[in-house]
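So that the names make sense, note that chain A is the first sequence line, chain B the second, and so on, each numbered from 1. Just so it is clear, the model here is predicted, and its values are computed rather than measured. These values consider heavy atoms only, across backbone and side chains, with no hydrogens, waters or symmetry-generated copies.
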Protein chains: 2
Amino acid sequence: MALVVQKYGGSSVQSAERIKRVAERIVETKRQGHDVVVVVSAMGDTTDDLLQLAADVSPAPHPREMDMLLTAGERISNALVAMAIHALGAEARSFTGSQAGVITTQSHGKAKIIDVTPGRVRTALDEGSIVLVAGFQGVSQDSKDVTTLGRGGSDTTAVALAAALNADVCEIYTDVDGVYSADPRIVPNARKLDNISFEEMLEMAAAGAKVLMLRCVEYARRYNTPIHVRSSYSNKPGTIVSGSMEDIPVEDAILTGVAHDRSEAKVTVVGIPDAPGFAAQVFRAVADAEINIDMVLQNVSKVETGKTDITFTLPRSDGPKAVEYLTKLQDKIGFSQVLYDDHIGKLSLIGAGMRSHPGVTATFCEALANAGVNIELISTSEIRISVLCRDTELDKAVAAVHQAFQLGGDQEAVVYAGSGI
Amino acid sequence: MALVVQKYGGSSVQSAERIKRVAERIVETKRQGHDVVVVVSAMGDTTDDLLQLAADVSPAPHPREMDMLLTAGERISNALVAMAIHALGAEARSFTGSQAGVITTQSHGKAKIIDVTPGRVRTALDEGSIVLVAGFQGVSQDSKDVTTLGRGGSDTTAVALAAALNADVCEIYTDVDGVYSADPRIVPNARKLDNISFEEMLEMAAAGAKVLMLRCVEYARRYNTPIHVRSSYSNKPGTIVSGSMEDIPVEDAILTGVAHDRSEAKVTVVGIPDAPGFAAQVFRAVADAEINIDMVLQNVSKVETGKTDITFTLPRSDGPKAVEYLTKLQDKIGFSQVLYDDHIGKLSLIGAGMRSHPGVTATFCEALANAGVNIELISTSEIRISVLCRDTELDKAVAAVHQAFQLGGDQEAVVYAGSGI
């Protein structure tokens, strides 16, 4: 008998029919003799509908009240799944994030989990009940206000509960069959991965693979909680995210996949003095605007001017704000210009094998060159190469790299309608 | 400076526009220098929509989960009203029933308030904030589960909070201008009452006047909390429910109004032994079915048989269940027949003046006779006369009695679309 945490996304519970199907799967797991804890996201469009209501009553809804509002969505879906489980003759009890002991920071809309004290969850499990926990939400440690965890919050709730309960596995049900070597909508023969290490999955998520959010993988790695990413529409095994890259024998290490990201923009601060402290001022300005930056590059300065250029990428939605903050500081920091480009795409090749296989970068660049894709910027980590190119050339670039490293499988990947790979 | 509790019903907050209007009224009250606590029902059709979802996933939704589901409705409306208040530049904080300290029994779907410990509400008021509390909901004392208070729950939440906070008044905003001498849709010249005692209001509510629920009036009477029933569409004063009937000088005591009720059915148990314990068996059977009964009548028995008939009224929706329970016990109790009639209407005349003005019953019966209405059953209390008649004759009966006692005013009552008088 194992303790299994299952998480179902919004599309898996978007109608009464789907809720009943999810309930059947949950009850089946329970009848196999396992203890089951389930985390459910809000139904389909509920969150969007609530956001619209908020926008209708206020130009800038108060964050505390926004959290109170949005958490209603998971409350509804979890109660409905619990009812559907009851209708199948099994016991189920739903808990809010607060009731389940999900303690967070005070930061409304993007709270971080501080601790999970699942006393009531454990008691309900011991009494033979299936337990449902509303994802995406918690209660702040100091003020006891309702908080939300922000994007990917329900996945994080599931992993955090799995860690706190010392669960055997955290199953993340989604609308794809697992983690793929590339987006199957771009690369039809993309291969489903059977296993991937935490580090590789982290790099994939950071590089734009949407199947798992970065913070959820970080949480799983920290507590060494295996994640099983699988489809809620089939019983096929999905992808197991577990173990450290360090445990993969060098001989077996391979390249894992190609991720891409269309959501970023690029900012270049031109002509900044190449002396200590100037780059720091740039990034402090961006941090003050509460913007997370992704890639950062500074190339060697031109000797004759003593000036250099710094380029970074950031979420496209934050671009205008970053430019505004930086422009205000132009005279103080003393750079000559801010360039902004929101027509970029990012492509990343990920794999633990990169460390031990020479020539990966060469093959990578050749593949792009042969496909006629111009590389605008290169950045690497130990197990990742990322480049920026024109967004219009991104699909072509992904297919070329995937092909060059022979990452594909024998069969066409299954892509469900509306899948958010 | 006063402490005012305001309650707004579902139709008052059924759209973003109406929410903004409600917010304006709340902020206006605050700016007049008062402390304001607001209880809001779920938006318009939200509760019905959630009930439909529950029915779609389960033939008999689990009561605990039903409460978890339904309480999402008030959470949404309260958060939206708080946002709308913020947008007007005032401070507002919304609390769930649990956060506001509404402690209830464990009885899901029809929990009773045991205690209100509004520590967080008081703190927020002291900090200058307008406080919103989700109506209709609480948390059970023992299991700490989310509960709902059943029909009229939000009114009861408002009155209970007003009592616990020792508020100066509890304003119940509704879609009518106040408590009327009769339903204005039936009696166009029905008069809006300026004042009514708790006892009279109790009798009105028990007799079918829908403007306030019985339990809310009971609560207000017990804690002597004045209720101001008024329209959310105008600034006109409504009806003040306060004070004991005993305080009304006999000379001033008058007849208050005519209430009617179409929601009941009538059960007659025929030929029951007229000896101690048999009636008790009948009512135990009905109580075991968890049915609340309203009027009870037993007339003198026929001497020759030693048998009597017992008639009672009950909610029409519970009728079939009551008949089923009684029929099962026919042989055991030893009655000859159960009659069931769901085409009845109930009419009640209420007023403290009934005690001191002889001839009220005579005038009452004459009025009905002149209107050609046959009385099927009469029951009285100290300040009420109720009769049953055919449901098809109810409107005519109400108008006749209202006219006979000259309860009308000079002007036509204002009736808003969709009003639930």
**Student:** Between B:T71 and chain A, with a heavy-atom cut-off of 4.5 Å, which part of the residue counts as in contact: side chain, backbone, both or neither?
**Tutor:**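 Looking at B:T71, backbone and side chain both touch chain A.
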**Student:** Taking side chain as everything from C-beta outward and backbone as N, CA, C, O, which of these in A:Q99 sits under 4.5 Å from a heavy atom of chain B? Side chain, backbone, both or neither.
**Tutor:**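 Contact with chain B is through the side chain of A:Q99 alone.
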**Student:** What part of A:V146 gets within 4.5 angstrom of chain B, counting heavy atoms only: side chain, backbone, both, or neither?
**Tutor:**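 Both parts, heavy atoms under 4.5 Å.
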**Student:** Mind checking whether B:N78 and A:M68 have side chains closer than 4.5 Å, heavy atoms only?
**Tutor:**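 Side chain of B:N78 against side chain of A:M68, heavy atoms only: no contact under 4.5 Å found.
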**Student:** In terms of heavy-atom proximity below 4.5 Å to chain B, should A:R93 be classed as side chain, backbone, both, or neither?
**Tutor:**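 Both parts, heavy atoms under 4.5 Å.
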**Student:** Please find the pair of heavy atoms, one from B:S154 and one from B:V40, that lie closest to each other, and give the distance.
**Tutor:**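 In terms of heavy atoms, the two residues are closest at OG-O, 4.4 Å.
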**Student:** What part of B:A84 gets closer than 4.5 Å to chain A, counting heavy atoms only: side chain, backbone, both or neither?
**Tutor:**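 Both backbone and side chain of B:A84 come within 4.5 Å of chain A.
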**Student:** With chain B as the partner, which of A:R75, A:K144, A:H62 has the greatest number of non-hydrogen pairs under 4.5 Å?
**Tutor:**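 Between A:R75, A:K144, A:H62, the count favours A:R75.
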**Student:** Tell me, side chain or backbone of A:M43 under 4.5 Å from chain B's heavy atoms, or both, or neither?
**Tutor:**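 The side chain, not the backbone.
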**Student:** Select one option (side chain, backbone, both, neither) describing which atoms of A:A92 are under 4.5 Å from chain B's heavy atoms.
**Tutor:**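 The backbone, not the side chain.
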**Student:** With a 4.5 angstrom heavy-atom cut-off, which part of A:D67 approaches chain B: side chain, backbone, both or neither?
**Tutor:**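 No part of it gets close to chain B.
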**Student:** Mark yes or no for whether A:S58, through its side chain, and A:A55, through its backbone, hold a donor-acceptor pair below 3.5 Å.
**Tutor:**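 Checked: no pair found.
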**Student:** Against chain B, label A:I19 side chain, backbone, both or neither, depending on which of its atoms sit under 4.5 Å from a heavy atom there.
**Tutor:**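 Contact with chain B is through the side chain of A:I19 alone.
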**Student:** Against chain B, label A:S143 side chain, backbone, both or neither, depending on which of its atoms sit under 4.5 Å from a heavy atom there.
**Tutor:**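 When you check distances to chain B, only backbone atoms of A:S143 fall under 4.5 Å.
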